Engineer: 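Sharing a structure with you now.
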2 protein chains.
Amino acid sequence: MESESAILALAALAQPTRLEVFRLLVRHEPDGRPAGEIAEAVGVPANTLSSHLAVLSRAGLVTAERRSRSIIYRADLEGLRTLVLFLLKDCCGGRADICAPLLAELAPCCD
Amino acid sequence: MESESAILALAALAQPTRLEVFRLLVRHEPDGRPAGEIAEAVGVPANTLSSHLAVLSRAGLVTAERRSRSIIYRADLEGLRTLVLFLLKDCCGGRADICAPLLAELAPCCD
DNA sequence: TAATTCGATAATATTGGAAGTATGGAATCC
DNA sequence: GGATTCCATACTTCCAATATTATCGAATTA
């Protein structure tokens with residue numbers, strides 16, 4: 001992952017409404033949720049949410065699929081993985097001594 | 001990690017100069033680098049860099065230590081780990097089915 | 001001297017009203 | 001019945017106001 005796309009993803013998540021939307025969509029994997037329902041859930045007008053969804057989409061963190069009148073948004077976990085990998089690579093680049101312990105500590109995250 | 005501090009860290013890294021500074025400091029672990037040297041390396045005036053370092057510091061991603069006239073900055077890898085953990089928890093929260101494969105893919109990052 | 005803080009300016013992001021686009025249901029016309 | 005029109009819904013785009021962030025010269029502190 002290039003710095004440039006990492007910055008897009010970091011900036012996308014560095015905003016309260018967008019972070020909340022992303023987390024909501026992760027919780028609703030793999031079904032996703034229509035834009036209107038997301039807007040209601042996070043309490044922002046439809047147009048405001050729409051621009052936030054566009055930012056997340058450009059950052060590769062959500063995907064959109066039209067279903068009849070609704071547009072279903074889903075979290076793109078591959079995008080998240082790419083971002084996490086980028087952050088870890090920052091420490092790993094040729095320096096497993098730094099990265100290995102860090103990675104070891106991550107394992108219990110699924111408990 | 002609270003969303004609020006996650007947002008601080010995400011925002012801190014979502015800026016080209018700051019991301020570059022952070023990566024530079026990770027490469028120079030565990031010695032760190034004085035502010036002036038960092039400023040020269042990234043090609044930014046001292047005062048501009050200073051405010052960027054303050055942002056990284058508030059986000060818990062770097063630490064500062066005065067050494068005689070210089071101030072030595074170091075990457076705070078624990079802060080990075082906390083951020084990565086936060087991002088992963090987004091998928092893990094009670095859903096190891098999503099997180100496990102993602103985590104498995106991260107392992108090769110140290111190669 | 002090395003670095004930070006202050007203050008002013010420029011650039012960028014967030015927000016939401018109003019208008020625009022896409023979809024599909026229901027009434028109307030041949 | 002099939003096509004057309006009209007309407008409501010679900011979103012998005014456009015645009016302008018407001019807020020936040022980035023940058024750097026000048027003054028300040030350690």
Side-chain angles (χ1 to χ4, degrees), chain A residues 3-25 28 31-76, chain B residues 3-25 28 31-76:
Chain A
S3 303
E4 211 172 308
S5 32
I7 284 174
L8 273 183
L10 290 163
L13 294 178
Q15 203 282 339
T17 303
R18 286 195 296 263
L19 182 57
E20 187 181 352
V21 166
F22 182 70
R23 302 182 79 182
L24 181 149
L25 288 176
H28 285 97
D31 298 338
R33 278 291 178 277
E37 202 173 303
I38 301 170
E40 197 186 3
V42 302
V44 300
N47 58 349
T48 300
L49 180 81
S50 185
S51 63
H52 284 310
L53 286 170
V55 171
L56 286 167
S57 178
R58 253 178 273 130
L61 291 166
V62 304
T63 60
E65 184 198 352
R66 173 140 235 153
R67 195 134 87 212
S68 173
R69 290 191 206 170
S70 297
I71 296 181
I72 309 293
Y73 282 88
R74 290 190 48 199
D76 186 338
Chain B
S3 299
E4 211 171 308
S5 33
I7 285 174
L8 273 182
L10 290 163
L13 295 177
Q15 204 282 339
T17 303
R18 287 195 297 264
L19 183 57
E20 187 181 351
V21 167
F22 181 71
R23 302 182 79 181
L24 181 149
L25 288 176
H28 286 96
D31 300 337
R33 278 292 177 277
E37 201 173 305
I38 301 170
E40 196 186 5
V42 303
V44 160
N47 58 352
T48 299
L49 181 81
S50 185
S51 64
H52 284 310
L53 286 170
V55 172
L56 286 167
S57 178
R58 254 177 274 130
L61 290 166
V62 305
T63 60
E65 184 199 351
R66 174 138 235 151
R67 194 134 88 214
S68 169
R69 292 197 201 160
S70 297
I71 296 181
I72 308 294
Y73 282 87
R74 290 189 49 199
D76 185 338

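Predicted model only: the values in this text are computed from it and were never measured.
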Engineer: Going 5' to 3' along DNA chain C, between which two nucleotides do contacts with chain B fall, using a heavy-atom cut-off of 4.0 Å?
Structural biologist: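 Range of nucleotides touched by chain B: dT1(C) to dT5(C).
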Engineer: Could you check how far CG of Asn47(A) sits from P of dA16(D), rounded to whole Å?
Structural biologist: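 One finds 15 Å between P of dA16(D) and CG of Asn47(A), rounded.
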Engineer: Look at the side-chain N and O atoms of Tyr73(A) and state whether any lies under 4.0 Å from the OP1 or OP2 oxygen of dA10(D).
Structural biologist: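 So the side chain of Tyr73(A) is outside the cut-off, no N or O lying under 4.0 Å from OP1 or OP2 of dA10(D).
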Engineer: Is Ser50(B) touching bases, backbone alone, or none of the nucleic acid, heavy atoms closer than 4.0 Å?
Structural biologist: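 Base: the residue Ser50(B), judged by heavy atoms under 4.0 Å, touches a nucleobase.
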Engineer: Looking at residues 36-46 of chain B, who's got a heavy atom less than 4.0 Å off DNA chain C?
Structural biologist: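 The answer is Gly36(B), Ala46(B).
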Engineer: Please step through side-chain contact (heavy atoms from CB on, under 4.5 Å) for the pair Leu25(A) and Ile38(A), ending with a clear verdict.
Structural biologist: CA-CA 9 Å; Leu25(A) 288 176; Ile38(A) 301 170; 3.8 Å; yes
Engineer: Of all residues at least two apart in sequence or in a different chain, which pass the side-chain contact (heavy atoms from CB on, under 4.5 Å) check with Gln15(A)?
Structural biologist: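 Only Thr17(A), Arg18(A), His52(A) meet the side-chain contact (heavy atoms from CB on, under 4.5 Å) criterion with Gln15(A).
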Engineer: Check DNA chain D against residues 9-19 of chain B and give the residues with a non-hydrogen atom under 4.0 Å, in numerical order.
Structural biologist: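 Only Gln15(B), Arg18(B) qualify.
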Engineer: Check side-chain contact (heavy atoms from CB on, under 4.5 Å) between Pro45(B) and all other residues, then give those that pass, not counting sequence neighbours.
Structural biologist: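 Listed in chain order: Asn47(B), Thr48(B).
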Engineer: Report the distance from atom CG of Leu8(B) to atom OG of Ser3(B), rounding to the nearest 0.5 Å.
Structural biologist: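 Those atoms lie 11.0 Å apart.
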Engineer: In chain order, what residues pass the side-chain contact (heavy atoms from CB on, under 4.5 Å) check against Arg66(A), with sequence neighbours excluded?
Structural biologist: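 Once residues adjacent in sequence are excluded, the partners of Arg66(A) under the side-chain contact (heavy atoms from CB on, under 4.5 Å) criterion are Ile71(A).
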Engineer: Let me confirm one number: the CD-CG distance from Glu4(B) to Leu19(A), rounded to the nearest 0.5 Å.
Structural biologist: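 Result: 11.5 Å between the selected atoms.
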Engineer: Can you tell me the distance, in whole Å, between the CG atom of Leu49(A) and the P atom of dA10(D)?
Structural biologist: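 Rounded to the whole Å, the gap is 15 Å.
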Engineer: Taking all atoms of both residues into account, what is the closest heavy-atom pair of Ala12(B) and Leu61(B), and its distance?
Structural biologist: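 So the minimum-distance heavy-atom pair works out to CB-CD1, 4.0 Å.
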Engineer: What is the distance from NE2 of His52(A) to C1' of dT13(D), rounded to the nearest Å?
Structural biologist: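 Spelled out: NE2 on His52(A) to C1' on dT13(D) is 15 Å.
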Engineer: Reading DNA chain C from 5' onward, which residue's closest nucleotide shows up sooner: Arg67(A) or Val55(A)?
Structural biologist: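 Checking each residue's closest nucleotide, the 5'-ward one belongs to Val55(A).
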Engineer: To check you understand the geometry: which heavy-atom pair defines the closest contact between Ala46(A) and Ala39(A), and what is its length?
Structural biologist: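 Minimum heavy-atom contact is CA-CB, 4.4 Å.
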Engineer: Report which part of the nucleic acid Ser51(A) touches: base, sugar-phosphate, or nothing (heavy-atom distance under 4.0 Å, all strands).
Structural biologist: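 Ser51(A): base contact, heavy atoms under 4.0 Å.
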Engineer: Is there any protein nitrogen or oxygen under 3.5 Å from a nitrogen or oxygen in nucleotides 27-30 of chain D, and what are the pairs?
Structural biologist:
none

Engineer: With a 4.5 Å heavy-atom cut-off, do Leu56(A) and Leu13(A) have their side chains touching?
Structural biologist: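 Leu56(A) reaches Leu13(A) side chain to side chain.
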Engineer: Quick one: salt bridge (Lys or Arg N to Asp or Glu O under 4.0 Å) pairs with a partner in residues 45-60 of chain A, sequence neighbours left out?
Structural biologist: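 Every pair satisfying salt bridge (Lys or Arg N to Asp or Glu O under 4.0 Å) with a residue in residues 45-60 of chain A: there are none.
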Engineer: Ser57(A): which residues meet the side-chain hydrogen bond (donor to acceptor under 3.5 Å, both in side chains) condition with it, sequence neighbours left out?
Structural biologist: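 Ser57(A): no side-chain hydrogen bond (donor to acceptor under 3.5 Å, both in side chains) contacts found.
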Engineer: Would you mind classifying the nucleic acid contact of Thr48(A) as base, sugar-phosphate or nothing, using non-hydrogen atoms under 4.0 angstrom?
Structural biologist: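 Base contact - Thr48(A) has a heavy atom under 4.0 Å of at least one base atom.
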Engineer: Which of these, Leu49(A), Leu53(A), Val21(A), sits in a side-chain contact (heavy atoms from CB on, under 4.5 Å) with Tyr73(A)?
Structural biologist: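 For Tyr73(A), the side-chain contact (heavy atoms from CB on, under 4.5 Å) test succeeds with only one of Leu49(A), Leu53(A), Val21(A), which is Leu53(A).
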Engineer: Using five base pairs at each end to define the local axes, how bent is the helix from dT1(C)-dA30(D) to dC30(C)-dG1(D), to the nearest 10°?
Structural biologist: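 Helix axis angle between the two ends: 30°.
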Engineer: Quick one: side-chain contact (heavy atoms from CB on, under 4.5 Å) partners of Arg69(B), sequence neighbours excluded?
Structural biologist: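 None.
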Engineer: With sequence neighbours excluded, what pairs up with Glu37(A) under the salt bridge (charged side-chain N to carboxylate O under 4.0 Å, His left out) test?
Structural biologist: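 Arg33(A).
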Engineer: At their closest point, which heavy atom of Ala11(B) faces which heavy atom of Ala14(A), and how far apart are they?
Structural biologist: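 Nearest pair, atom of Ala11(B) first, then Ala14(A): N-CB, 3.4 Å.
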Engineer: Minimum heavy-atom separation for Ala41(B) and Leu24(B), please, with both atom names.
Structural biologist: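 Closest approach of Ala41(B) to Leu24(B): CB-CD1, 3.6 Å.
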